[in-house]
Every structure is written in C-alpha cells, then in structure tokens.
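Below you'll find the structure, written out as structure tokens, and then a few comments.
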Number of protein chains: 2
Amino acid sequence: MEMKRRSGSTGRAVASATRRQLPVRTLQSQVVDGIGIGIIGGEFPPGATLPSDAALQERFEVSRTVLREALKALSAKNLITSRARIGTVVLPRREWSLFDPDVLSWHFETGPDIAFLRSLAEIRIGLELESVALAAERRSDAQLAVMRACVDGMAVAANTADFARSDLEFHRTVAEASGNPFMASITGLVDLVLATAFTISSPVDDSEARDVTVNHHRRVAESIGARDAEAARAAMRVVIMEGFDRAAGRMTAE
Amino acid sequence: MEMKRRSGSTGRAVASATRRQLPVRTLQSQVVDGIGIGIIGGEFPPGATLPSDAALQERFEVSRTVLREALKALSAKNLITSRARIGTVVLPRREWSLFDPDVLSWHFETGPDIAFLRSLAEIRIGLELESVALAAERRSDAQLAVMRACVDGMAVAANTADFARSDLEFHRTVAEASGNPFMASITGLVDLVLATAFTISSPVDDSEARDVTVNHHRRVAESIGARDAEAARAAMRVVIMEGFDRAAGRMTAE
DNA sequence: AATGTAGTATTGTATTACTATTCTGCCTGT
DNA sequence: ACAGGCAGAATAGTAATACAATACTACATT
C-alpha cells in the first residue's frame, strides 16, 4: 500500500506577526499542528482518548513513523500520554506547557477567550513587573539604548507588523536586561498577546492611540534608564493592562 | 551502521529484563534524558552539532526509530533543531523551554549553580506574590481552612517527606485560590521541582528553624484570611527568600 | 573565474515485522 | 456456579531496511 504524495499546500494562517517562519513545513509539523489544534480547540478535551495510531495515520495520510514522531512531540509538550494497549489520552490542562510557543499559537488559532487573556495578563503582571524592576538595577547602557531604539521603532513603524516587532523586541530586551534567563521564556506569551491585540485593531491606524502606547513604553524605558525600579513597575503595569484592554475590548466589541 | 542481530537483540533482551523492574521507564525516555542532560550539563553546548543519528544510535544502543522519537521530543522542548544534511544543532539557551518539567529537573541533575537558584527564587517572587495577592481577594473559606491545615501539618510533621508534602500543598492551595489556572500550573511546577531537589534541606531536624518557617507560612495564611493583599505579599516574600537562603546555604556549605 | 552539475553525507519519510503490555473473555478446576 | 488463571486480541513500543529530500563538496564546463 503506497502513500500518495501530497503537494505542499499547507494553507496555515500566520499565527503571529513575529513568529519566525521555517523554510519548509515538514509532514510532522503539519500533523503536530493538526492534533495540537484539535486538543487546544476542544475536539479532543482533557481525559479523552485520541484515535488509535492506525486511525490517525489514515486521517492525516502519513506513515506511522511521522505520526508517532508527531505524537512524541505533543507528549514532550505534556499535552498527551501514551501507553500500550491503553491508548493515547489527553492530559489535564494543568499539565500543559503553557509557555510553549506552539501551544500558545494553537490557543491563538482556536480563538482565546477573555478569561484566558485575563489569566495571561495576570501572569505578565507578576513576571514582567519583577523583570522590569530587576532590569532597572542590572541593565547595561547598551541594553537601555536598544530599548530606546525599540520605542522609536514603534513610533515610526509603517505597518502593524513592524510595530509589533519593535514592541516584542522591547519586551525581550527588558527580559534580557533582568539577567534572569526564565524571564525571557515569556516572550512567546507576550507575542501571543500582541498578535491577538493587533489582529484587527492596531494602534498604527489610530495616531492618537499610537502616541499613548508609545509614550507608555517610553516611560518604562526612561524609568529603567533612571534606575527607578518602582517607577518602572508602575509604568510596565500600565503597558500590560493597556494591551489586555485592547485585546479584550476587541473581543467584546464583536 | 547495521546493528548486529544476534548479540544486539540478546543485549537488548538482557537490558529490557533489568528495565522491567521499573516498568514506566521506556527506551525513549532514557535516550531523551541522556541527551537532555548532555545538553543542559554542557557536553553539547548551544550552537554545537550533536553526533549524527548513526553515532547516537550506537552510543545509546537503540534503533533509529527510538533515537529519532527522542530527538523529536527534545526538538519539541526547543532544545535542538534538525535539518537534512545539516545535522542536529543545539539551540541557544534563550530558546529553551525552561519551564518544562524535564528541562528543570535536568538542571538539578547536572548540579544547579547558585545563579540558577536565585533566578528561580526571583520567578517565585514574581509569580507567587501576585498569586497570593489575588488569593487574598478571591479565596474561599474552604481554601483558607486548607491552608491553615497545611500549616498545622508542617508544624507536626514527623519527617522530611511529610513536611515537604504539607509545604507543597500549602503553596498549591494558594495558587488555586488565586483563581488563575496557569498560575497554579507554573507555581506548582516550580515548587515541586524545588521541593524534590531539596527534600534534604528541610528544617524538620532543627526545631528552632522549623518554628520560624512554620510561623512565616502562618503569617501568609492569616494575611489571606484577613484579605490583606499587601501583607500577604510581604509575608510570602519572606517565605520564598528564606527557602532560597536555605538552599543556597546548603550548596555553599558542601 | 563563474557557474553548473554530479557525487555524497545526513536527516526525513515509508514500510514491514516483531515485541511488550494489558484488556477481554473463555475455560478449567474445585 | 464460581474463582482463578490462561489464551487471544488490540494497541503502543521497538527494530530494521529502503528510499527520498536536502544541502554541502568538489569537480567539470563554459
């Protein structure tokens, strides 16, 4: 029995403006995405047993090799667990690797609800406020210069993608300046929030809103520049809440 | 390249016979652990190219199927990336899924340095202070009762394991009371790894230190009981810093 | 020298076969 | 009739082989 060759039509939407694109979509990544979205999106809820290897093989039209490597990847992200004769079952949500870029992008593609976004905002408040306070103490002059450049980049961005890129780069630089490697792990989370917030309404279009956003970021940068940890905390809180409001407001508006 | 049939399968049979005593350990997980520890521990630093499939196959004495599923798992944790003809290269540290349970535990198995422990403590400060503040607002009476019971459990614990269990349960309950499911997931993970890594350094032996620790926890619980978010923050900070000091002191002492 | 092209080494995918695990149900002995 | 064990079946785990796709190397052609 021969597997039919499929053409490279992936047709997958861009998950995020800043997500790096691999030159080639491998078969495995397509299957990983397919099942991952099925899990996050509720087709396979926690506790459910996935179809057997044979069934999934038929569904995605791939060999068992590809299918099993895909399942192994999902297993590594703590989405599923497999046992012989038992089957492959979806783990409870609490086990999932929340910070994983793929898991986050699948949330995005299946449409995050407002409670999800609020939870993310709370985590950002916790981590990024600590991160920015540490950055205020530990940052180098070069890092401060990068932050300022990012703010300027936001101010002059010609389109939403450029704006989001500068925005994300700003947060990444702050995380790096904190000197704590774990802080950088939440950039994927920030990425998702930005992508959600900017999907339709981008502050690039509205010059007034854009000025507000840019100024909030600039206040963070200058607080870090002044090595004022408390001011940096306060300014970062405003930035995060504003991002949440934009994403949430967009959802309730429709 | 080719595996010797006779001796190969014989060796495998013997190996699996000894493995059968620990039924949950699959071949793949051993390879994942082996390479994962090699990466975290510095044998394969970021940017380095891993040995080829064939070489790794020989090193771990497994089939290519098992090896490749193991590599797929590491790839899913963003530790490595593979491309045809290029090889499998270790990604920069910033890409790693540091919050992954396996990656965290590999850090401890390869001997965490004090900077790593400090980073974890900073993460706990960020997350658990926010968590406990939310818990002070949102907690139910039942949850408060559980917290108090945990503190009592710490006070009367007969051994290290019981003490650690009550300690862990306390922090988990606080995280749940925050109403943020992801907060519970992340803090639970970090706390669990820390607890299992340092079960030795519990203050059970030293009754004076034990009283101090228990009282600090009790202050957290009572601040939550009084719905005083700021007091809860302050008390939790003390708890976390004390835990860090004990772990760090233990490292430098030996 | 620039460019193309064949060779080659490495990962990606497919296929088949077998092993290990454990659930289901029959079957045997009392 | 019932308990216990034994055989079969279903499913994931592992092995082995073959070929495809990719991209580096080196040589050949212009």
Side-chain angles (χ1 to χ4, degrees), chain A residues 1-8 10 22-32 34-35 48-76 79-91, chain B residues 1-32 34-35 48-76 79-91:
Chain A
M1 185 194 340
E2 201 164 312
M3 282 287 153
K4 62 176 178 182
R5 209 55 283 150
R6 89 212 67 264
S7 56
T10 69
L22 295 175
V24 179
R25 296 255 319 133
T26 71
L27 275 180
Q28 292 166 16
S29 65
Q30 295 178 47
V31 177
V32 170
I35 303 179
T49 301
L50 289 188
S52 68
D53 281 15
L56 289 173
Q57 210 174 322
E58 190 173 348
R59 167 162 169 178
F60 289 98
E61 294 183 315
V62 293
S63 71
R64 193 159 171 237
T65 308
V66 172
L67 173 68
R68 287 187 52 76
E69 291 191 12
L71 291 178
K72 202 66 195 168
L74 293 171
S75 172
L79 291 181
I80 60 176
T81 181
S82 298
R83 284 176 60 194
R85 173 70 209 199
I86 300 296
T88 303
V89 301
V90 181
L91 291 172
Chain B
M1 181 63 193
E2 181 184 338
M3 290 203 113
K4 294 172 290 187
R5 296 223 180 83
R6 271 298 173 200
S7 61
S9 60
T10 304
R12 196 105 322 286
V14 172
S16 73
T18 56
R19 257 199 314 278
R20 203 170 293 133
Q21 294 165 353
L22 303 177
V24 286
R25 275 306 275 160
T26 113
L27 268 183
Q28 292 165 18
S29 68
Q30 294 178 49
V31 178
V32 170
I35 302 178
T49 301
L50 288 188
S52 67
D53 281 16
L56 288 173
Q57 219 175 313
E58 191 172 349
R59 169 164 168 177
F60 289 99
E61 292 183 317
V62 294
S63 72
R64 196 161 168 235
T65 307
V66 172
L67 173 68
R68 288 188 50 77
E69 290 190 12
L71 290 179
K72 198 68 194 168
L74 293 171
S75 172
L79 291 181
I80 60 177
T81 181
S82 298
R83 287 180 65 191
R85 172 71 207 203
I86 301 295
T88 304
V89 302
V90 181
L91 291 172

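To find a chain, count down the sequence lines: A is the first, B the second, and so on, and within it residues start at 1. The structure presented is a predicted model; accordingly, all values stated were derived computationally and were not measured.
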Here the distance between atom P of D/dT14 and atom NZ of A/K72, to the nearest Å, is 7 Å
Ignoring backbone atoms, test whether A/T65 places a side-chain nitrogen or oxygen under 4.0 Å from the OP1 or OP2 oxygen of C/dG12. no
When every non-hydrogen atom of B/A76 is compared with those of A/A73, the smallest separation belongs to CB-O, 3.4 Å
B/A84: side-chain contact (heavy atoms from CB on, under 4.5 Å) partners, not counting sequence neighbours: none
Would you mind reading off the distance between B/E61 atom CD and D/dT14 atom C1', rounded to a whole angstrom? 15 Å
C/dG12 phosphate, OP1 or OP2: any side-chain N/O from A/Q28 under 4.0 angstrom? no
Please identify each residue that fulfils salt bridge (Lys or Arg N to Asp or Glu O under 4.0 Å) with A/R83, with sequence neighbours left out. none
Can you list everything that forms a side chain to side chain donor-acceptor pair (under 3.5 Å) with A/R64? Sequence neighbours excluded, please. A/D53
Which residue lies more 5' along DNA chain D, comparing A/L50 with B/V66 via nearest heavy atoms: A/L50
From CA spacing to verdict: side-chain contact (heavy atoms from CB on, under 4.5 Å), B/I80, B/I35: CA-CA 10 Å; B/I80 60 177; B/I35 302 178; 5.8 Å; no
How many whole angstroms separate atom CD of B/E69 from atom P of D/dG13? 8 Å
Provide, to the nearest angstrom, the distance between the CG atom belonging to B/L27 and the C1' atom belonging to D/dA12. 13 Å
Pairs under 3.5 Å (N/O, protein and nucleotides 23-26 of chain C):
residue: C/dC23; atom: O4'; partner: A/R85; partner atom: NE; Å: 3.4

Just how far, in rounded Å, is P of C/dT10 from CD1 of B/I80? 17 Å
Who passes side chain to side chain donor-acceptor pair (under 3.5 Å) against B/S82, sequence neighbours left out? B/T88
With A/T81, which residues qualify under side-chain contact (heavy atoms from CB on, under 4.5 Å), at least two apart? A/V89, A/L91
Can you check the A/F60 CZ to C/dT13 P distance for me, whole Å? 15 Å
When you match A/A84 and B/S52 each to their closest nucleotide on DNA chain C, which lands nearer the 5' end? B/S52
Measure from the side chain of B/R68, starting at C-beta and using heavy atoms only, and say which of C/dT13, D/dA12, D/dA15 lies closest. C/dT13
With B/R59 via salt bridge (Lys or Arg N to Asp or Glu O under 4.0 Å) - residues at least two apart: B/E43
Does B/R64 have a side-chain nitrogen or oxygen under 4.0 Å from the phosphate oxygens OP1 or OP2 of D/dA16? no
Between the two ends of the helix from C/dA1-D/dT30 to C/dT30-D/dA1, what is the bend in degrees, rounded to 10 degrees, where each end axis spans five pairs? 20°
Over how many whole Å does the gap from A/L56 atom CG to D/dA10 atom C1' extend? 16 Å
Can you sort out the partners of A/T65 under side-chain contact (heavy atoms from CB on, under 4.5 Å), two or more places apart, ordered by chain and number? A/S63, A/E69
Distance check needed: C/dT15 C1' versus A/D53 CG, whole Å only. 15 Å
